Structures are given as structure tokens and as C-alpha cells.
Amino acid sequence: MTTQYDANLAYQFLVNTPESALRKMLINPQFTDVHFSILMKMVKGCSEGDFCEHFYKCDFPKAKYNAKEIGLKETFWSSCITALNQHGLLQPAQKAAA
């Protein structure tokens, strides 16, 4: 599902943009502060390669999650992809030349 996007570009934007600006940009009724907290745990705690692997597998790194975060894990990735797409932060993955 998510392999159609280039997660590396999204990671680079997220890691190089101040958290306060990301918060203003991304948080809305569908992508809440709790969603944002999960995303920031991954951006701050993962290398680019690890982040991309979690993105493509729609899974999570081992970390401490609070009860609200655990409750959102099932729908987190679809909400995250929607939020990133709404701001043009996900680009189509480039197909390797045959």
C-alpha cells in the first residue's frame, strides 16, 4: 500500500523541519496531537532506513507508547499518509529503470 510513495523524501522533510512548524502544519481533527506524537517518536528515534522500513511495512519501532498512542496504532499509518499527502509531502516512488 505505501510502497507507491517515496518515504525517504518525507523523512528528510520531517527531520529537517522544526517540530513547531510540523505541528502547525499537520495537526487537525483527523491527525491529532497523539498521531503527531507517534510520528515524532519515529522521526527522532529511527534512522532514515529504519523509518522507511516501518513506513513501507506499516509497523512501528520498539518504543514506549502511552495508552492513547497504542489505541491509534491500528489506524495510524492511513491517517499519517493522508496528512502527509494533504501537504504534498509524499511523492510517488521512482520506478527503477529496467
Side-chain angles (χ1 to χ4, degrees):
M1 172 178 129
T2 58
T3 56
Q4 67 192 22
Y5 300 114
D6 187 339
N8 299 79
L9 294 175
Y11 176 85
Q12 285 301 318
F13 180 83
L14 293 169
V15 80
N16 290 304
T17 303
E19 189 172 327
S20 60
L22 290 173
R23 184 176 294 280
K24 287 179 188 174
M25 178 190 302
L26 295 174
I27 293 178
N28 62 45
Q30 291 76 39
F31 194 80
T32 65
D33 192 54
V34 179
H35 289 92
F36 186 79
S37 174
I38 296 170
L39 181 62
M40 287 297 98
K41 279 183 183 184
M42 285 192 280
V43 169
K44 292 176 180 178
C46 292
S47 67
E48 183 173 345
D50 288 343
F51 176 85
C52 293
E53 186 174 328
H54 293 300
F55 180 91
Y56 293 133
K57 290 181 178 179
C58 293
D59 66 8
F60 300 90
K62 290 192 185 307
K64 290 191 178 208
Y65 297 98
N66 66 40
K68 288 182 179 179
E69 292 169 339
I70 291 168
L72 287 179
K73 283 176 118 180
E74 196 168 306
T75 59
F76 170 79
W77 283 111
S78 63
S79 297
C80 183
I81 290 165
T82 298
L84 295 174
N85 264 329
Q86 286 174 338
H87 297 286
L89 300 178
L90 288 176
Q91 301 298 316
Q94 298 299 312
K95 302 288 185 202

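Residue numbers count from 1 along this sequence. In this text, all values refer to a predicted model and were calculated from it rather than measured experimentally. Just the heavy atoms: all of them, side chains too, but no hydrogens, waters or symmetry mates, feed the values below.
Taken to the nearest 0.5 Å, the CG atom of L26 stands 12.0 Å off from the OG atom of S79. To the nearest 0.5 angstrom, Q91 atom CD is 11.0 Å from L84 atom CG. Considering OG of S20 and CE of M25, their distance stands at 10.5 Å, rounded to 0.5 Å. In this structure, the separation between CH2 on W77 and CG on D59 is 8.0 Å, given to the nearest 0.5 Å. Between S47 atom OG and E53 atom CD the span is 9.0 Å, to the nearest 0.5 Å. Atom OH of Y65 sits about 10.0 Å away from atom NZ of K62, to the nearest 0.5 Å.
Considering all non-hydrogen atoms of both residues, N8 and Y56 come closest at OD1-OH, 4.2 Å.
Taking 4.5 Å as the limit, every side-chain heavy atom of L72 sits out of range of all side-chain heavy atoms of K68. Contact check for V43 versus E19: no side-chain heavy atoms found under the 4.5 Å cut-off. Looking at L14 and L22, their side chains come closer than 4.5 Å, going by heavy atoms from C-beta outward. When side chains are defined from C-beta on, Y11 does not count as touching F55, because their heavy atoms never get closer than 4.5 Å. Taking the side chain as every heavy atom from C-beta outward, I38 and T32 never approach each other to under 4.5 Å. Annotation: side chain of C80 is in contact with side chain of F31 (closest heavy-atom distance under 4.5 Å).
Although no hydrogens or angles enter the test, the distance criterion places no donor-acceptor pair under 3.5 Å between the side chain of Q30 and the main chain of I27. Between the side chain of H54 and the main chain of M42, no donor-acceptor pair closer than 3.5 Å is present. Between the S78 side chain and the T75 main chain, a donor and an acceptor come within less than 3.5 Å of each other.
Side-chain atoms of S37 and E69 form a donor-acceptor pair, as typed in the model, at a separation below 3.5 Å.
Under the 4.5 Å side-chain contact rule for hydrophobic residues, L9 and F51 do not share a cluster.
Within 6.0 Å of NZ on K73 lie more than 12 heavy atoms contributed by other residues, nucleotides or ligands.
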Residues L90, I81; criterion side chain to side chain contact (heavy atoms under 4.5 Å, CB included); working and verdict: CA-CA 8 Å; L90 288 176; I81 290 165; 3.9 Å; yes

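The aromatic rings of F76 and H35 sit parallel, their planes meeting at an angle under 30°, below the 60° perpendicular limit.
With salt bridges taken as basic N to acidic carboxylate O contacts below 4.0 Å, one links D33 and R23.
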